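Only a predicted model underlies this, so the values are computations on that prediction, with no experimental measurement involved.
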Amino acid sequence: MKTLVILAHPDMENSRINKKWKEELEKYPDKITVNELYKNYPDWDIDIEKEHELLLSHDNIIIQFPLYWYTYTPLLKKWLDDVLSYNWAYGNEYKLNGKNIGVAISIGGFENDYSKTGSVKFSMDEILAPFEATVEYIKANLTSRYLLFDTENISDEELSENAKNYTRHILSL
């Protein structure tokens, strides 16, 4: 099974986590396709037909991004709005029906911040509810979450191991 990773980081050049994840994923081009939105669409003019073809040609879809104001990055939100279009992803046709969709999210805060008693006051379940509702609405299967908290304090060695774990996670889907 081949996996498409929709990578939506607005500053990959200065990214540490998502860049390392991407480098590890790209070691498996026969099994994993990385579609880097900010690189491919610097003008935000998304090629919807190309994106549709990519989605249809893969069994698993992982949407990878840094948590950005407790939600998606701006271009990823536009991608979702444009690509998951009426009569393609929902309406009279559900082209992603039965596809496996998951997320991989890098999160600057501590895991215990994301709870009713933590500083954020919301859990990741609550923060990801709109994403999960979208997956449900387009009749796809929500398959996985890969979350990395406290990204500011992870050592290079821990990050290397985490990137390998992330890749193993994707390869096991």
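- For OH of Y68, the number of neighbouring non-hydrogen atoms (other residues, nucleotides, ligands) closer than 6.0 Å is 12 at most.
- Between N100 atom CG and I61 atom CD1 the span is 8.0 Å, to the nearest 0.5 Å.
- A salt bridge is absent between E13 and K39: the closest approach of a Lys/Arg side-chain nitrogen to an acidic carboxylate oxygen does not fall below 4.0 angstrom.
- L128 and Y146 sit in two unconnected hydrophobic clusters of ILVMFWY residues. Membership requires side-chain heavy atoms under 4.5 Å apart, directly or through other members.
- Under the 4.5 Å side-chain criterion, counting only non-hydrogen atoms from C-beta, M12 is in contact with N18.
- Under the 30°/60° scheme for interplanar angles, the aromatic rings of Y166 and W21 are found to be tilted.
- When all heavy atoms of L67 and Y114 are compared, the closest pair comes out as CD2-OH, 3.6 Å.
- Taking every heavy atom of both residues into account, K99 and L55 meet most closely at NZ-O, 3.3 Å.
- The pair K19-E24 does not count as a salt bridge, with every side-chain nitrogen at least 4.0 angstrom from each carboxylate oxygen.
- Put simply, the side chain of L37 reaches to within 4.5 Å of the side chain of E51, judged on heavy atoms.
- Within a 6.0 Å radius of CD in E23, other residues, nucleotides and ligands contribute more than 12 heavy atoms.
- L159 and F149 fall into different hydrophobic clusters, where Ile, Leu, Val, Met, Phe, Trp and Tyr are joined by side-chain heavy atoms under 4.5 Å apart, directly or via other members.
- When only modelled atom types and interatomic distance are considered, H169 and S144 share a side-chain donor-acceptor pair under 3.5 Å.
- Considering every non-hydrogen atom in both K2 and I32, the closest pair reads CE-N, 4.3 Å.
- The side-chain heavy atoms of N162 and L148, taken from C-beta on, include a pair separated by under 4.5 Å.
- Of all heavy-atom pairs between G91 and Y86, the closest is CA-CE1, 3.5 Å.
- The minimum heavy-atom distance between A8 and L76, with the atom names listed, is CB-CB, 3.6 Å.
- One hydrophobic cluster, built from ILVMFWY side chains closer than 4.5 Å, holds both V103 and I101.
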Problem set entry | Derivation of the side chain to side chain contact (heavy atoms under 4.5 Å, CB included) call for T33 and V5 | CA-CA 6 Å; T33 303; V5 176; over 6 Å; no
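- With a 4.5 Å cut-off on side-chain heavy atoms, I170 and I62 count as touching.
- Residue K78 qualifies as enclosed at atom NZ: its count of foreign heavy atoms under 6.0 Å is above 12.
- For N141 against V135, the heavy-atom pair with the smallest separation is C-CG1, 3.9 Å.
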Exercise. Going through the checks in order, is the side chain to side chain contact (heavy atoms under 4.5 Å, CB included) test met by K116 and E126?
Worked result: CA-CA 10 Å; K116 294 286 183 203; E126 292 167 308; 2.6 Å; yes
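- A distance of 9.5 Å separates CD1 of I46 from CG of D43, quoted to the nearest 0.5 Å.
- Linking Ile, Leu, Val, Met, Phe, Trp and Tyr whenever their side-chain heavy atoms come within less than 4.5 Å puts W88 and I6 in one cluster.
- Between the side chains of T3 and H58, no donor N or O sits under 3.5 Å from an acceptor N or O.
- Between I105 atom CD1 and T151 atom OG1 the span is 12.0 Å, to the nearest 0.5 Å.
- Under the side chain to side chain contact (heavy atoms under 4.5 Å, CB included) test applied with V120, the options I107, D113, N112 reduce to a single match, D113.
- S155 and E158 share a donor-acceptor pair across their side chains, judged by distance under 3.5 Å alone.
- Connection of Y38 to L54 is established within a shared hydrophobic cluster, with ILVMFWY side chains joined at heavy-atom distances below 4.5 Å, either directly or through further cluster members.
- Side-chain atoms of N35 and L7, non-hydrogen and from C-beta on, never get closer than 4.5 Å to each other.
- Considering NZ of K77 and CG of D82, their distance stands at 9.5 Å, rounded to 0.5 Å.
- Atom-to-atom distance recorded for H52:NE2 and D47:CG is 10.0 Å, nearest 0.5 angstrom.
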For this session: Test K31 against L171 for side chain to side chain contact (heavy atoms under 4.5 Å, CB included), laying out the working first.
Result: CA-CA 7 Å; K31 297 182 186 213; L171 293 171; 3.8 Å; yes
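- Surrounding CD of E26 are more than 12 heavy atoms belonging to other residues, nucleotides or ligands, all under 6.0 Å away.
- Between H9 and D11 there is a side-chain heavy-atom pair separated by less than 4.5 Å.
- A ring-ring contact (aromatic ring centres under 6.0 Å, His included) with Y137 holds for exactly one of Y94, Y90, F131; it is Y90.
- Salt-bridge formation is detected for the pair R145/D125: a Lys NZ or Arg NE/NH1/NH2 atom is positioned less than 4.0 Å from an Asp or Glu carboxylate oxygen.
- Side-chain contact between Q64 and E36 is absent, with no heavy atoms from C-beta onward closer than 4.5 Å.
- Side chains of R16 and D156 form a contact here, defined as non-hydrogen atoms less than 4.5 Å apart.
- Annotation: the span from E136 atom CD to L142 atom CG amounts to 9.0 Å, rounded to 0.5 Å.
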For this session: Kindly determine whether K20 and E161 satisfy salt bridge (Lys or Arg N to Asp or Glu O under 4.0 Å), including the steps that lead there.
Result: CA-CA 10 Å; K20 186 65 174 173; E161 187 59 33; over 6 Å; no
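- For an aromatic pair to be called close, the ring centres must be under 6.0 Å apart, and Y72 with F65 satisfies this.
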